[in-house]
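The structure appears below as structure tokens.
First the proteins, then the strands, lettered A, B, ... as listed; each starts at 1.
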Protein chains: 2
Amino acid sequence: METTADGADPRVRAWAPVCQAIALLLGPYAEVVLHDVASDRVLGVWNPMSRREPGDPSLLGELDRLEPSAHDVYGPYQKLLSDGRRLSSVSAVLRDAEGRPSAVLCVNLDRTPLEQAAAVLAGFAAPSQPRPEALFEQDWTERVHQVVGSFVRERGRPVDRLGREDRLAVLSELDQAGVFAVRRAAPVVAGALKVSRSTLYALLAELKAQRNDS
Amino acid sequence: METTADGADPRVRAWAPVCQAIALLLGPYAEVVLHDVASDRVLGVWNPMSRREPGDPSLLGELDRLEPSAHDVYGPYQKLLSDGRRLSSVSAVLRDAEGRPSAVLCVNLDRTPLEQAAAVLAGFAAPSQPRPEALFEQDWTERVHQVVGSFVRERGRPVDRLGREDRLAVLSELDQAGVFAVRRAAPVVAGALKVSRSTLYALLAELKAQRNDS
DNA sequence: TCCATGGTTGGACTATACGTCCAGATTGGA
DNA sequence: TCCAATCTGGACGTATAGTCCAACCATGGA
């Protein structure tokens with residue numbers, strides 16, 4: 001089960017027990033990977049799910065893009081394996097005695113079995129039609145801002161610097177979601193998008209035209 | 001655990017084993033009720049969840065409105081207990097030797113523990129941010145009818161025979177759920193409740209007054 | 001620098017939907 | 001039968017949803 005570099009790295013010696021413990025605890029559905037930051041290579045893998053071996057490139061260059069949730073801990077964020085399995089991942093930066101980052105510990109948990117189990121439980125004797133949730137989003141206003149916010153984060157520029165296409169995209173998303181079926185939605189969305197009500201309707205009309213063309 | 005009418009009804013004698021078996025199988029979370037069709041009363045209850053006893057009115061007059069999914073079997077459909085528990089219910093028409101309906105067997109399964117378990121599993125190590133769901137209910141119209149429908153089923157009388165208090169109750173539920181935040185909701189609800197738009201607003205005003213009193 | 005162009009804006013304006021009100025019709029008892 | 005409570009259709013005023021347009025930037029090319 002354990003696979004570590006031949007020439008036993010001191011860091012591996014130091015962290016192996018933790019890695020192995022986690023791998024054992026989470027059973028066959030979690031893999032633990034220890035990365036070398038400097039060389040960006042895998043130091044060791046416990047319970048490998050992705051055929052990676054020590055010495056392989058780590059490919060975690062995107063780690064620094066994630067905003068650190070304090071204490072050198074990242075995630076949980078979602079990864080997608082090529083075979084479609086969804087993983088929940090957390091990463092932790094391990095520092096040496098001097099406080100310099102020396103390794104990164106990643107735990108990848110395969111959520112598919114859990115999700116399947118949840119689906120089974122949820123579907124047990126479930127009435128075919130109705131969903132039990134609240135009929136409608138209570139603070140849809142908040143949700144609108146969330147949608148706009150996440151889009152903005154994706155594009156990496158503030159709301160009032162979004163291009164026309166961007167705004168069309170967000171609007172399309174919101175429209176599909178049915179926001180404009182709720183009262184007083186238009187001014188709120190316009191506000192969230194930092195556009196006038198007029199423009200809002202103009203863009204909306206454009207979307208409709210686009211749909212009719214295709 | 002078992003509660004049946006004193007003067008042992010032949011139908012109870014005939015069906016009691018089945019009822020008890022189901023009640024045992026589904027543990028503490030399911031109740032089995034045997035109804036008399038003719039007198040519309042309860043014949044027996046196994047594992048009672050709703051304090052009903054033999055001789056109580058059945059309140060399932062609405063059963064014949066449900067479209068039979070063939071073979072005298074109805075459901076599963078959703079019921080709502082006053083304390084908020086959600087039940088999945090199935091009903092079966094039991095016929096005598098001559099093929100005439102003699103009793104109705106209902107199984108009510110409390111889904112809340114299952115749903116809680118499902119929520120736990122689904123939430124396990126789930127990435128915190130992104131919700132994949134649609135922002136808003138697309139066919140809320142359908143949902144309104146479902147809510148009204150399930151209420152009607154509970155009360156056991158068709159929509160246009162509901163009392164004032166009943167309508168107030170349904171309305172309160174719908175209002176809490178935020179239905180009236182969506183455009184064009186008022187006429188739809190009025191239609192589903194078989195009342196005029198005027199009455200709808202009158203009842204709504206009464207609800208508001210009630211809330212302000214307390 | 002000036003202009004042309006495409007997009008945005010505030011405001012005016014119409015069409016719907018919302019919510020209130022009331023006189024007359026209905027309903028369910030005493 | 002009559003009364004009281006309730007419901008109803010329609011009229012009405014207000015708020016919100018959409019449309020339209022002239023004036024107003026911003027950008028880029030001449």
Is A:Y201 close enough to D:dG18 that one of its side-chain N or O atoms is under 4.0 Å from OP1 or OP2 there? yes
Would you mind building the protein contact string for nucleotides 25-30 of chain C? One character per nucleotide, 5' to 3', B for base within reach (heavy atoms under 4.0 Å), S for sugar-phosphate only, - for untouched. ------
Are the side chains of B:L94 and B:W15 in contact, using a 4.5 Å heavy-atom criterion? yes
Less than 4.5 Å apart, any side-chain heavy atom of B:W46 and any of B:L34? yes
Residues touching DNA chain C, which here means a heavy atom under 4.0 Å, drawn from residues 180-189 of chain B: B:R183, B:R184, B:A185, B:P187
Let me know the distance between CG of A:L193 and P of C:dG7, rounded to the nearest Å. 16 Å
Return the CG to CG distance between B:L109 and B:N47, rounded to the nearest 0.5 Å. 11.0 Å
Backbone N/O of A:L43 and side chain of A:D36: donor-acceptor pair under 3.5 Å: no
Contact list for residues 183-202 of chain A, test side chain to side chain donor-acceptor pair (under 3.5 Å), sequence neighbours left out: A:S196-A:T199
Should A:L174 and A:F151 be marked as a side-chain contact (heavy atoms from CB on, under 4.5 Å) after you check the CA-CA gap, both sets of side-chain angles, and the distance that decides it? CA-CA 11 Å; A:L174 288 171; A:F151 190 94; over 6 Å; no
For nucleotides 7-12 of chain D, tabulate all protein N/O to nucleotide N/O atom pairs closer than 3.5 Å, reporting atom names and distance.
| unit_1 | atom_1 | unit_2 | atom_2 | d |
| --- | --- | --- | --- | --- |
| D:dC7 | OP2 | B:R164 | NH1 | 2.5 |
| D:dT8 | OP2 | B:S196 | N | 2.9 |
| D:dT8 | OP2 | B:S196 | OG | 3.4 |
| D:dT8 | OP2 | B:T199 | OG1 | 2.7 |
| D:dG9 | N7 | B:S198 | OG | 3.0 |
| D:dG9 | O6 | B:S198 | OG | 3.0 |
| D:dG10 | O6 | B:S198 | OG | 2.9 |

Interatomic distance, B:D175 CG vs C:dG19 P [rounded to whole Å]: 10 Å
Using whole Å, what does the distance between atom C1' of nucleotide C:dC18 and atom CG of B:L204 come to? 12 Å
Here the salt bridge (Lys or Arg N to Asp or Glu O under 4.0 Å) pairs for residues 165-180 of chain A, sequence neighbours left out, are A:R155-A:D166, A:R157-A:D166, A:D175-A:R211
Report the C-alpha separation of A:H145 and A:T141 in whole Å, then their side-chain angles, then the decisive distance to 0.1 Å, and conclude whether the side-chain contact (heavy atoms from CB on, under 4.5 Å) test is met. CA-CA 7 Å; A:H145 283 93; A:T141 258; 4.2 Å; yes
Could you point out which residue of B:V148, B:L204, B:V179, B:V195 forms a side chain to side chain contact (heavy atoms under 4.5 Å, CB included) with B:V189? B:V179
Quick check: are there more than 12 heavy atoms from other residues, nucleotides or ligands sitting under 6.0 Å from CZ of B:F180? yes
Find the distance A:L171:CG to C:dT8:C1' and express it as a whole number of Å. 14 Å
Checking B:E206 now: which residues fulfil side-chain hydrogen bond (donor to acceptor under 3.5 Å, both in side chains) with it, not counting sequence neighbours? B:R164
